[in-house]
Amino acid sequence: MRWGSKWYQGARSVRRRIIILLVAIFIPLIIILFAAYHYFERTMVNKVAEINRIKVEQTASRVKDLFQRAFMSTNNFIYDKAFIHALQEQDPLSIEKNSTYLEAIERLQYTFFLNEKYAVVIQDNFGNMFESNPSRFGLQKGELQAGILKTVQWNGYDFFNSYQWGLLKPQEESEPLIVLSRWIFSPVTASKRGIVSVVIPLENLKAILGNDTGSYAIWDDKNNLIFTTRSEQPRRDGATTDSEILLLPTQWTMVQTDSTAVIQKELRYFQLTVIATILIILVIFITTSTFVLKTISQVLHQIRLLSKRLVNPSLNLSTAVHSDYHLAELSELLQQLTHNLQISRNNLEWAATEKRNLEMKILQEQMNPHFLLNSLNTIRFLAEQSSQNKIGSLVLSLSYLLQQQLYRNERYWTLGEEKEYLLKYVEIQRARFGENIIVTVDFSKELTHLPVLRMLLQPLVENSFEHGFSGRMKGWILIQAERWGSGVRITVSDDGVGVGSMVSSASTSRNSIGLNNVRERLRLHYGERSVLEMTSRQPNGTIISLTIPELKGEAI
């Protein structure tokens with residue numbers, strides 16, 4: 001505990017705290033940077049994986065469409081009764097048989113392989129074989145037939161397992177071929193009638209996968225590689241795969257062999273960049289901290305020296321701070337501060353003397369209103385003793401008004417207190433102008449607790465008495481308050497002589513002073529949105545509207 005106390009004391013404690021502050025800023029900054037990097041890395045990998053998955057599914061869908069189209073083409077033979085009947089013809093040279101074969105094969109051109117290369121090889125149960133024109137693939141007659149005889153597994157297939165897929169690799173430079181062989185069964189006896197083999201070039205599959213930027217490989221159900229877009233031959237057991245898609249109706253499987261490996265490689269470069277950035281920030285941090293601490297040490301040292309002048313003005317330390325213009329400026333400021341402090345001491349002594357004199361004067365003047373209130377209470381007591389109740393009531397009202405003005409210093413009170421003050425004031429004014437002037441104060445109960453400036457409405461009511469009923473002995477004054485948004489609106493209306501009938505310049509001047517006073521108080525306390533308007537009332541009279549858009553303050 002003693003060591004920690006010393007560590008935070010002395011001239012070096014400021015530098016220690018600055019170092020702690022800088023480290024406390026630097027470490028969270030590095031943590032946030034690493035967290036942001038890992039978050040963005042994970043987000044990027046997930047997004048790339050998601051986009052890659054959609055791309056792979058789309059590519060796989062196009063491959064499936066190719067295989068599905070080849071598979072559906074064999075249905076053209078399965079449901080062709082004339083074709084099945086021709087398979088039962090034993091004579092391989094039968095014109096009708098060969099004509100039926102050709103018609104069935106040519107229909108594929110318009111139904112499934114429009115403007116595409118394909119070939120068909122047909123074998124019946126008698127060992128006879130028929131092949132369409134193999135020159136489309138650059139093969140001689142008989143080469144396609146011989147290749148299919150080596151590729152197709154003729155045994156082990158029945159009605160429920162009636163087709164197989166294979167890859168035919170002709171000799172020399174001919175392109176590989178995809179072969180779909182399907183058994184043809186009698187629709188009546190479900191017995192085998194022959195085999196139809198549909199051949200399409202592997203180039204079709206290569207074109208689909210070549211449109212995708214990814215690397216793909218296709219294996220058959222015996223783990224034999226059918227096709228790959230990579231230059232080197234991948235191994236299925238060693239390949240990094242994100243997904244394996246079964247290419248129905250075949251039993252072949254398509255695998256993407258690169259997945260997110262490319263983005264991972266790019267992210268490693270990004271990680272190295274982040275680490276290099278952090279190291280650069282660290283170097284800048286250390287360099288800047290060293291410079292800042294050195295400068296702060298100089299400043300603190302000079303502050304210690306210059307501060308001594310505040311205690312002993314006779315010391316002259318200004319020559320030691322010319323090494324840095326900031327410190328020279330600080331020296332001048334401290335010298336000015338010393339001068340200002342001396343002036344402040346003199347002013348403080350003078351202010352203390354004036355305060356004592358003012359307190360004595362206030363205490364003396366407090367006796368005058370106190371004596372006046374006691375005198376008014378005495379007059380009220382004598383009036384009530386003489387059965388002069390009206391005079392007593394007026395004196396009581398006047399005493400109440402004086403107490404509110406002399407002994408209440410708060411800025412705000414409630415509308416209920418404002419109403420009570422107005423009623424006392426109106427009682428005195430009616431005694432002056434006549435009891436036939438009817439005054440009504442109509443404030444809603446829910447408004448009586450709202451805060452408002454003290455004695456805000458008295459000048460408006462005084463304006464109605466002084467201006468509206470000068471020379472008249474009867475009439476009415478209506479004072480109303482209502483909600484106005486989040487504020488309040490107060491109107492003072494009368495049936496007096498009206499705005500345009502000024503009786504004298506003296507009353508006009510007093511009226512202007514009172515209204516200007518209220519208007520200025522509104523502006524100072526409630527802002528420019530507060531409004532005080534005075535308009536004529538038809539056929540005679542005046543309406544003064546006071547609008548406070550938003551109340552503030554708190555009544556005590």
Side-chain angles (χ1 to χ4, degrees), residues 60-87 97-125 128-139 141 143-145 147-149 151-154 157-170 174-187 190 192-209 218 220-221 226-227 246-252 254:
S61 177
R62 292 194 294 270
V63 175
K64 289 179 182 179
D65 289 341
L66 173 65
F67 292 148
Q68 187 70 28
R69 185 150 50 92
F71 185 81
M72 293 299 294
S73 68
T74 59
N75 290 339
N76 192 57
F77 301 100
I78 292 175
Y79 300 109
D80 189 342
K81 295 181 179 179
F83 179 79
I84 297 174
H85 179 73
L87 288 173
K97 177 177 182 177
N98 292 328
S99 176
T100 302
Y101 286 173
L102 288 174
E103 289 179 1
I105 293 171
E106 289 298 326
R107 282 197 297 269
L108 301 182
Q109 177 70 30
Y110 304 102
T111 308
F112 300 100
F113 303 108
L114 183 63
N115 298 325
E116 293 182 6
K117 293 190 293 184
Y118 75 98
V120 178
V121 176
I122 303 172
Q123 180 183 15
D124 57 22
N125 285 340
N128 302 318
M129 298 190 69
F130 177 87
E131 63 178 349
S132 62
N133 187 7
S135 61
R136 297 173 179 173
F137 302 114
L139 300 177
K141 190 172 183 62
E143 289 182 356
L144 182 61
Q145 174 180 330
I148 290 178
L149 288 174
T151 303
V152 176
Q153 301 290 331
W154 303 104
Y157 289 87
D158 53 24
F159 185 80
F160 299 100
N161 186 20
S162 62
Y163 64 91
Q164 72 170 19
W165 293 83
L167 183 66
L168 177 60
K169 298 180 180 179
S174 300
E175 59 180 330
L177 304 174
I178 299 174
V179 180
L180 168 61
S181 298
R182 192 168 181 182
W183 283 99
I184 307 298
F185 293 87
S186 172
K192 295 179 181 179
R193 294 301 183 194
I195 297 177
V196 174
S197 297
V198 177
V199 182
I200 57 176
L202 186 65
E203 187 69 28
N204 292 352
L205 181 62
K206 186 184 302 183
I208 295 175
L209 297 181
I218 297 178
D220 63 10
D221 53 344
I226 301 297
F227 174 75
L246 184 63
L247 301 175
L248 297 175
T250 72
Q251 295 300 317
W252 298 355
M254 186 180 77

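Small disclaimer: the values here were computed from a predicted structure and weren't measured. Worth knowing before you read on, the calculation uses all heavy atoms, side chains too, and leaves out hydrogens, waters and symmetry mates.
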K.L.:
Would you give the length of the straight line joining atom CZ of Arg193 to atom CG of Leu87, rounded to the nearest 0.5 angstrom?
P.N.:
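Those atoms lie 8.5 Å apart.
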
K.L.:
The criterion is ring-ring contact (aromatic ring centres under 6.0 Å, His included); which residues satisfy it with Phe83, sequence neighbours excluded?
P.N.:
Phe77, Tyr101

K.L.:
Hey, does Asp220 have a side-chain heavy atom less than 4.5 Å from the side chain of Leu167?
P.N.:
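They are not in contact (no side-chain heavy atoms under 4.5 Å apart), so the answer is no.
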
K.L.:
Side chains of Val198 and Phe71: closer than 4.5 Å at any heavy-atom pair?
P.N.:
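No. Closest side-chain heavy atoms not under 4.5 Å.
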
K.L.:
Report yes if the side chains of Phe137 and Val199 come closer than 4.5 Å at any heavy-atom pair, otherwise no.
P.N.:
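Side chain of Phe137 against side chain of Val199, heavy atoms only: contact under 4.5 Å found.
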
K.L.:
Is there a side chain to side chain contact (heavy atoms under 4.5 Å, CB included) between Leu149 and Met129? Walk through the geometry before answering.
P.N.:
CA-CA 10 Å; Leu149 288 174; Met129 298 190 69; 3.5 Å; yes

K.L.:
ring-ring contact (aromatic ring centres under 6.0 Å, His included) with Phe113: which residues, sequence neighbours excluded?
P.N.:
Tyr118

K.L.:
Do Ile226 and Trp165 have side chains that get closer than 4.5 Å, going by heavy atoms?
P.N.:
no

K.L.:
Any sub-3.5 Å donor-acceptor pair from Gln251's side-chain atoms to Asp221's backbone N or O?
P.N.:
no

K.L.:
Taking all atoms of both residues into account, what is the closest heavy-atom pair of Leu180 and Ala70, and its distance?
P.N.:
CD2-O, 3.6 Å

K.L.:
Compare all side-chain heavy atoms of Asn204 with those of Ile178 and state whether any distance is below 4.5 angstrom.
P.N.:
no

K.L.:
Partners of Asp65 by salt bridge (Lys or Arg N to Asp or Glu O under 4.0 Å), sequence neighbours excluded?
P.N.:
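With sequence neighbours excluded, Asp65 shows a salt bridge (Lys or Arg N to Asp or Glu O under 4.0 Å) to no residue whatsoever.
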
K.L.:
Locate the shortest heavy-atom distance separating Leu209 from Met254; write the atom from each residue and the value.
P.N.:
CD2-SD, 3.9 Å

